[in-house]
Amino acid sequence: MAAREADAEGKVTITEIARQAGVSVPTVSRVVNGRSDVSPQTRARVEDLLRRHGYRKRPAAPGTRAALLDLVFNDLDSPWAVEIIRGVEEVAHAAGVGTVVSAIHGRSGDAREWMRNLRARASDGVILVTSALEPMLHEELRILGVPLVVVDPAGSPALDAPTIGAANWSGGMAATEHLLSLGHRRIGLIAGPPRLLCSRARLDGYRAALEGAGVAMDTSLVVPGDFRPESGFTACNTLLDLPEPPTAVFAASDQMALGAIEALRRRGLRVPQDMSVVGFDDLPEVRWSAPPLTTIRQPLADMGKLAVRTVLRLTREEQPDSPRVELGTDLVIRASTMPPGQV
């Protein structure tokens, strides 16, 4: 028997069974472990091969989980990530599936270490959040037969991976239209990282709203940020130092909006009397900011829930209803916006 077909003891491996059955390694693992989430036809084909090869399941180590999902972020230092995790955990727990949370920090070495760990723990599926894998690692997932779902893709998503996101363009447009409806015409934008699709979509929504209102876009009013409070603080100071500062600011994340509010506070300026501020995300803490923040509600927990449901469908070799899903965003008006010039 060839080396790829047997382990060191000459026994057939799950990988070889999967190859002969034309299914993924996790599917064979589910049959071996007696899981019910496999179609009858596939189960019969795999069980026949297991019998023919005399495969015997190895004893499981104490505490081993029968089903695992890997949830992978670029970073974990944001309440935004916590909301995604909350949604993932709710659905995964109800399905009896364990979740392993990792951060790869955009570094090749971290991603490769994560892949080694994933192979060792034989995860059933991967949910990748606002991150991008090297093509080689993505191909390795494909070869291993591990399903992948991408949440809020960082760049152009892989054609064979379902994606789940939010309506970022319409959210950016709604935030800007709200400020325009109040009478603001000089509206600053604290934008997200341009490498991210969501950032570019929110910028495009901002631009479309201005054009729709007949307001010329002033590029000096667009300042980049990185979604963190510090960048919102710095960007707002840049806008305030302009010869003609804006009367309102749309920050492409709630955390940047909170940074902008702090910059205004330190200059003795009031929100919204001196400048209106709108965020994006609707994180729990912005309801308690001073003042409570007007923002675009992004269904972060729902995105996590749908990601789990989608990847579990893929593990059962079922196709999702749609390979590209965008969940709706909503404007939530609170006390951080008002017409310009009012006291």
Side-chain angles (χ1 to χ4, degrees), residues 71 73-91 99 101 103 129-130 151-152 164-168 171-172 174-176 178-179 188-193 196 198-199 202 205-206 223-237 239-240 248-307 327-338:
L71 176 59
F73 293 84
N74 193 47
D75 291 295
L76 284 169
D77 58 349
S78 166
W80 180 91
V82 173
E83 290 299 297
I84 296 280
I85 294 170
R86 185 168 62 83
V88 166
E89 276 292 305
E90 181 177 328
V91 175
T99 307
V101 180
V129 185
T130 319
V151 175
D152 219 355
I164 297 166
N168 290 293
T176 311
H178 169 63
L179 294 170
L189 172 67
I190 303 176
L196 299 181
C198 63
S199 300
R202 292 170 198 177
Y206 162 85
V223 183
D226 62 8
F227 289 155
R228 294 179 172 85
E230 296 83 0
S231 69
F233 179 87
T234 300
C236 188
N237 278 315
L239 291 170
L240 290 171
V249 169
F250 165 38
S253 79
D254 282 350
Q255 288 200 298
M256 293 196 300
L258 294 177
I261 290 173
E262 178 61 15
L264 291 160
R265 186 191 69 79
R266 292 193 188 184
R267 293 206 183 197
L269 299 174
R270 301 163 299 165
V271 177
Q273 292 90 341
D274 297 309
M275 184 179 288
S276 289
V277 179
V278 178
F280 198 111
D281 286 329
D282 196 26
L283 298 175
E285 60 263 35
V286 303
R287 303 171 195 176
W288 309 105
S289 62
L293 184 67
T294 294
T295 188
I296 300 296
R297 177 177 293 149
Q298 183 175 198
L300 297 170
D302 289 341
M303 289 159 64
K305 293 175 185 178
L306 182 57
L327 300 183
T329 52
D330 298 294
L331 174 67
V332 181
I333 300 175
R334 298 195 178 99
S336 67
T337 53
M338 67 184 300

Quick one, [X] and [Y] - any side-chain contact, counting heavy atoms below 4.5 Å?
X: Met275; Y: Leu240; result: yes
X: Cys236; Y: Glu262; result: no
X: Ile85; Y: Leu76; result: yes
X: Cys198; Y: Phe280; result: no

Starting at [atom1] of [X], measure out to [atom2] of [Y] and round the result to the nearest 0.5 Å.
X: Asp152; Y: Asn74; atom1: CG; atom2: CG; result: 12.0 Å
X: Asp302; Y: Leu327; atom1: CG; atom2: CG; result: 6.5 Å
X: Arg202; Y: Gln298; atom1: CZ; atom2: CD; result: 5.0 Å
X: Arg265; Y: Asp274; atom1: CZ; atom2: CG; result: 14.0 Å
X: Arg287; Y: Thr295; atom1: CZ; atom2: OG1; result: 10.5 Å
X: Phe233; Y: Ile190; atom1: CZ; atom2: CD1; result: 11.0 Å

Do any N or O atoms from the side chain of [X] and from the backbone of [Y] form a donor-acceptor pair under 3.5 angstrom?
X: Asp226; Y: Arg228; answer: yes
X: Asp254; Y: Asp282; answer: yes
X: Ser231; Y: Gly225; answer: no
X: Thr329; Y: Ile296; answer: no
X: Ser276; Y: Met338; answer: yes
X: Ser336; Y: Val277; answer: yes

Decide yes or no on side chain to side chain contact (heavy atoms under 4.5 Å, CB included) for Val286 and Arg334, but give the supporting numbers first. CA-CA 10 Å; Val286 303; Arg334 298 195 178 99; 3.8 Å; yes
Over all atoms of both residues, closest heavy-atom pair of [X] and [Y]:
X: Pro79; Y: Gln255; result: CD-NE2, 3.2 Å
X: Ile261; Y: Ala290; result: CG2-O, 3.9 Å
X: Ala166; Y: Pro299; result: CB-CD, 4.3 Å
X: Ala167; Y: Gly328; result: CB-CA, 4.3 Å
X: Phe227; Y: Ala252; result: CE2-O, 3.6 Å
X: Ala257; Y: Leu293; result: CB-CD2, 3.8 Å

Please report the C-alpha distance between Ile333 and His178 in whole Å, then the side-chain angles of each, then the deciding distance to 0.1 Å, and finally whether the side chain to side chain contact (heavy atoms under 4.5 Å, CB included) criterion is met. CA-CA 9 Å; Ile333 300 175; His178 169 63; 3.7 Å; yes
Do the charged groups of Arg86 and Glu90 touch, with an N to O distance under 4.0 Å? no
Assess the residue pair Leu283 and Val82 against the criterion (side chain to side chain contact (heavy atoms under 4.5 Å, CB included)); give the C-alpha distance rounded to whole Å, side-chain angles, the decisive distance to 0.1 Å, and a yes or no. CA-CA 10 Å; Leu283 298 175; Val82 173; over 6 Å; no
Once you measure the plane-to-plane angle for Phe250 and Tyr206, does it fall in the parallel (<30°), tilted (30-60°) or perpendicular (>60°) bin?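 Because their plane-to-plane angle lies in the 30° to 60° range, the rings of Phe250 and Tyr206 count as tilted.
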Name of the residue among Leu264, Val249, Thr294 meeting side chain to side chain contact (heavy atoms under 4.5 Å, CB included) with Val271: Leu264
Candidate pair Asn237 and Arg266, rule side chain to side chain contact (heavy atoms under 4.5 Å, CB included), full reasoning: CA-CA 10 Å; Asn237 278 315; Arg266 292 193 188 184; over 6 Å; no
